[in-house]
Amino acid sequence: MIYWKLFLSFFITNLLGYGGGPATIPLIQNEVVTQKHWLSQQEFHEAFAMGNALPGPIATKMAGYIGYKIGGVFGSFIAVFATVIPSLLLMILLIRLLYKNRESIRVKRLTAYVKPTIVILLGLLTYQSFSDSFHDIGAFQVVFIAACTFFLMEKFKIHPAFVVLGALIYGAINL
């Protein structure tokens, strides 16, 4: 029964997650933290941080981690499969229709109307992450890490993966 719940949770989340991995993260959070209580808020943010530190799509990494935590190796497989199957099916079924109508004003309006929703969902996730970080490590550390991140990425154009790796090392040193 847990495998079916995992499948449905990740299938529906990724079916509704218009815009890719980052847009699905708040939906996954709602499902696994608020609805199913499979992870605490802190566990989710830790998984999210580790998922961002690794290469590849974030949604599949989150699914793999959560699936493994809930149902072992098979749970991980089910969650990852449920994450990718909506996109695969929709691409196979709708690619001709989308390609034919790619210049349509209605298709352009559809994407324009969805973007603000995605921005708000990501903003809420960002706010929750900052709030948890302020509580867990303090305002000084959060401001210091945020300033360093901004400086490294904007001034020196350091790739975000290296900035995240640096933050992980800094966090390990300050344990």
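Counting begins at 1 with the first residue of the sequence.
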| task | To the nearest 0.5 angstrom, please state how far the CD1 atom of I2 sits from the CZ atom of F74. | result | 12.5 Å

| said: Can a donor-acceptor pair be found, under 3.5 Å and without considering hydrogens, that links the side chain of Y3 to the backbone of G71? | reply: yes

| query | Is the shortest heavy-atom distance from the side chain of L90 to the side chain of L15 under 4.5 Å? | reply | yes

| request: Say whether I145 and V164 are linked into one hydrophobic cluster, either directly or through other cluster members, by side-chain heavy-atom distances under 4.5 angstrom. | output: no

| said: Looking at every non-hydrogen atom in both residues, tell me the closest pair between T24 and A59 and how far apart they are. | reply: OG1-CB, 3.6 Å

| Would a hydrophobic clustering, with Ile, Leu, Val, Met, Phe, Trp and Tyr connected at side-chain separations under 4.5 Å, put I78 with L39? | yes

| task | Enter the distance from Q29:CD to M62:CE here, rounded to the nearest 0.5 Å. | result | 8.5 Å

| remark: Interatomic distance, OG1@T13 vs CD@Q35, rounded to 0.5 Å, equals 9.5 Å

| request: Rounded to the nearest 0.5 Å, what's the gap from CZ on F156 to CZ on F162? Could you check? | output: 15.5 Å

| field | Where T117 and Y113 come nearest, the two heavy atoms and their spacing | value | OG1-O, 4.1 Å

| query | What is the minimum heavy-atom distance between A63 and T83, and which atoms define it? | reply | CB-OG1, 3.1 Å

| query | Between the side chains of S9 and E31, is a donor N or O closer than 3.5 angstrom to an acceptor N or O? | reply | yes

| Are any of the side-chain heavy atoms of M50 and L168 separated by less than 4.5 Å? | yes

| query | Just wondering, do I28 and I66 contact through their side chains at under 4.5 Å, heavy atoms? | reply | yes

| query | Can you find a heavy atom in the side chain of Q42 that is under 4.5 Å from one in the side chain of D136? | reply | yes

| query | Do the side chains of L89 and L8 join up, straight or via other hydrophobic residues, at under 4.5 Å, putting them in one cluster? | reply | yes

| request: Of all the heavy-atom pairs spanning I158 and M153, show the shortest one and how long it is. | output: O-CG, 3.7 Å

| field | Flag side-chain contact, heavy atom, 4.5 Å: F81 against F10 | value | no

| remark: Heavy-atom closest pair (A82 atom, N14 atom, distance to 0.1 Å) is O-CB, 4.4 Å

| query | Any link between V84 and L93 through a network of hydrophobic side chains (Ile, Leu, Val, Met, Phe, Trp, Tyr) touching at under 4.5 Å? | reply | no

| query | Crowded around Y170 OH? As in, over 12 foreign heavy atoms under 6.0 Å? | reply | yes

| field | Listed once per pair and sorted, the side-chain hydrogen bond (donor to acceptor under 3.5 Å, both in side chains) pairs that draw on residues 52-80, sequence neighbours left out | value | E43-K69

| query | Are the side chain of K36 and the backbone of V33 linked by a donor-acceptor contact shorter than 3.5 Å? | reply | no

| task | Hey, could you give me the CG/CZ distance between N174 and F144, rounded to the nearest 0.5 Å? | result | 8.5 Å

| Do the side chains of L121 and L125 get nearer than 4.5 Å, heavy atoms only? | no

| field | Neighbour count >12 (heavy atoms, 6.0 Å) for atom CZ, F130 | value | no

| message | Nearest 0.5 Å, please: how far is OG in S131 from CG in L124? | response | 12.0 Å

| Out of curiosity, does V32 fall in the hydrophobic cluster containing F48 (side-chain heavy atoms, cut-off under 4.5 Å, transitive links)? | yes

| With distance as the sole test, does N30 use its side chain to make a donor-acceptor pair with the main-chain N or O of P26 at under 3.5 Å? | no

